[in-house]
Amino acid sequence: MKVLKIDHLGIAVKSIDEGKKFWTDVLGLELEGSETVEAQKVTTAFFPVGESEVELLESTSPDGPIAKYLEKKGEGIQHVAFRVENIEDALKELKEKGVKLIDEKPRIGAGGAKIAFLHPKATRGVLVELCER
Ligand code: ZN
């Protein structure tokens, strides 16, 4: 598999309106776009930084994965996303290596990207997302 770059950092916030202030007002990043992905009960907002992006994640429902994350750990970095050349090949290779996966097949995330999550147990505590755009 070929990992091309860190695509984005996924940061869980209680509210994008509140949470974005540091990134826009202090760091001067610009909001590229916002999108709700109902299947994942999340609203995302992307802020490009050079070759990568900061992705803020706000839950749309109290039983969504981001709401559960906030309950357990509070606001902060929730996942790191690596862009790969071919996500199907990458997942196949990881499976062959015995890496525990959350998603065995890619699903469609924000911006129409193909995404899949690796299990944090396989990465010593880091929720890793693979994405292909
Ligand atoms: Zn992400």
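Ligands are counted one by one from 1 in listed order, and the atoms in each one are counted from 1 as well. Residues take their numbers from the sequence shown, with the count starting at 1.
- Every pair passing ring pair (Phe, Tyr, Trp, His ring centres under 6.0 Å) that includes a residue from residues 31-57 is listed here, sequence neighbours excluded: H8-F46.
- Partners of T36 by side chain to side chain donor-acceptor pair (under 3.5 Å), not counting sequence neighbours, listed by chain and number: T43.
- For E18, the side chain to side chain contact (heavy atoms under 4.5 Å, CB included) test picks out S15, K21, with sequence neighbours left out.
- Between E88 and K92 there is no salt bridge, since none of the side-chain N atoms of the basic residue sits less than 4.0 Å from a carboxylate O of the acidic one.
- In this structure, the separation between CD on Q40 and OG1 on T60 is 10.0 Å, given to the nearest 0.5 Å.
- Heavy atoms of other residues, nucleotides or ligands lying less than 6.0 angstrom from NZ of K95 number 12 at most.
- Protein N/O/S atoms found under 2.8 Å from the Zn ion (ligand 1): H8 NE2, E55 OE1, H79 NE2, E129 OE1.
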